[in-house]
Participant: 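Once you've had a glance at the structure underneath, I'll fire off some questions.
The figures here come from the full heavy-atom set of this structure, side chains too, leaving out hydrogens, waters and symmetry mates. These numbers were taken from a predicted model, which means no experiment stands behind them. Just so we're on the same page: letters track the sequence lines, and every chain starts at 1.
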Amino acid sequence: MNRPHRAHPAWWAFAVHRASGLALTLFVPLHFWALGTAIDGEAALDGMLRWTDNALVKFAETGLVVLLAAHMAGGVRLLAVEFLPWSDRQKTAVAASAGVAIAAGLLFLFNVTAA
Amino acid sequence: MADTIDARIWRGGADGRFETFSVPRRASQTVLDVVTYIQRKLDPTLSYRFACRVGMCGSCAMTVNGKPRWTCRTHVARLEDGPLTVEPLRNLPRIKDLAADMAPFFDKWAKAGGRFVPSTDAEADFAIVEPASAERRAADAGIECIGCAVCYSACDLVSWNPDYLGPAALNRAWTLVNDVRDAGNADRLDAVAGDAGCHACHSQQSCREHCPKSLNPTASIAGLKRATLRAAWKGGP
Ligand code: HEM
Ligand code: SF4
Ligand code: SF4
Ligand code: FES
């Protein structure tokens, strides 16, 4: 499906940044809505938190943490491209931001499963 | 390796089709050699453009196996295996066969303030520009552009926003922003700061990836992003 002119790391990094940005736009309101249930009293929040104990939900949460980390690391990379003097290590920069995203996901996964 | 090449060549305008020709394989053969062989020996009605044959004029660029490339310096032996597919450049109207209409591309150079605006009259002495100065080096980095439109054809933002000035015109504007003899920067920064200017670029870097001269329009555009922001900060446009 992808076209040959796009077959390079910086293009894939763009695709991840856009996909994660859009996914976050959908998720962040949901997140604040969940926090908002705390205002309705402890019972509602507890119900919500019990729901998040579910393994499937944890798995989905890890995905969201990876998305946020990928978007943040990619965003910092883009700001460096656009506001710092040019560096020829673009592939390294893309790889490093991917590494940050995966590391954040793993840390989160270990934490929630350890608890 | 087969001693003939199956060359799939685009024929017609926007609603054309591919036609396959069988071309003898030669040593050190370029894609332009293949196209020229077809036109000279197999079908004289084939339309395409070239001039210098040595990578200086920028007229021979086409889409080869899906990627924009200069055909006079693209060796068939170094391409991916399989049939050779040649189409006109993307992001430009197709005139006929392999010839794309370059007018929108060059119109955007003018729109981006690509014209040099002299700051002195013709009587003035030669300007002295220190080779080691930051401005001179920034201009040097982008000045070897041959106007081939490979970058323009590689850029998704041009496909998504037909008004986007594109990497080559913005790279040209950046060389002039750094030309200390030029007096046109206020208008030029104004021209490149709009919706279809440098801030439309998402730093996908396809331009830099494909430029046959190894230029870096992404870095030039980043320079314009900073220069236009600085101008706006200082109460510019
Ligand atoms: C936390 C730190 C964040 C940083 C450093 C960051 C950085 C950036 C940058 C630099 C861009 C421009 C990308 C480009 O030029 O292509 C961008 C785009 C975007 N961001 Fe973020 N962002 C952050 C958080 C978020 C959050 C929390 C959301 C969602 C609520 C979000 C949603 C988006 C969307 C939808 C885009 C547009 C994507 C595109 O045009 O390709 N961002 N972000
Ligand atoms: S870096 Fe900017 S100009 Fe170059 S291909 Fe990407 S979007 Fe287009
Ligand atoms: S910047 Fe490179 S790809 Fe773009 S027109 Fe100039 S030489 Fe061609
Ligand atoms: S024919 Fe001049 S650059 Fe290819």
Participant: Check whether His210(B) reaches the backbone of His5(A) with its side chain - one donor and one acceptor, N or O, closer than 3.5 Å.
Facilitator: yes

Participant: Name, in order of residue number, those residues of residues 85-95 of chain A that have a heavy atom at a distance of less than 4.5 Å from a heavy atom in chain B; otherwise write 'none'.
Facilitator: Trp86(A), Asp88(A), Gln90(A)

Participant: Check each atom of Leu229(B) against the heavy atoms of chain A and say whether the ones under 4.5 Å are side chain, backbone, both or neither.
Facilitator: side chain

Participant: Which pair of heavy atoms, one from Ala10(A) and one from Gln204(B), lies closest together, and at what distance?
Facilitator: CB-O, 3.3 Å

Participant: Rounded to the nearest 0.5 Å, what's the gap from CZ on Arg6(A) to OG on Ser206(B)? Could you check?
Facilitator: 8.0 Å

Participant: What part of Asn65(B) gets closer than 4.5 Å to chain A, counting heavy atoms only: side chain, backbone, both or neither?
Facilitator: backbone

Participant: What's the verdict on side chain to side chain contact (heavy atoms under 4.5 Å, CB included) for Arg18(A) and His202(B), showing C-alpha distance, side-chain angles and the deciding distance?
Facilitator: CA-CA 10 Å; Arg18(A) 174 149 297 180; His202(B) 286 260; 3.5 Å; yes

Participant: Output the distance between atom CD (Glu82(A)) and atom CG (Leu224(B)), rounded to the nearest 0.5 Å.
Facilitator: 11.5 Å

Participant: Chain A heavy atoms under 4.5 Å from Gln205(B): which part of the residue, side chain, backbone, both or neither?
Facilitator: both

Participant: Testing the basics here: between Leu78(A) and Ser203(B), what is the closest heavy-atom pair and its distance to 0.1 Å?
Facilitator: CD2-CB, 3.8 Å

Participant: Give the table of side-chain donor-acceptor pairs shorter than 3.5 Å for residues 164-171 of chain B, with sequence neighbours excluded, one pair per line with atom names and distance.
Facilitator:
| residue | atom | partner | partner atom | Å |
| --- | --- | --- | --- | --- |
| Asn171(B) | OD1 | Ser220(B) | OG | 2.7 |
| Asn171(B) | ND2 | Gly142(B) | O | 3.1 |

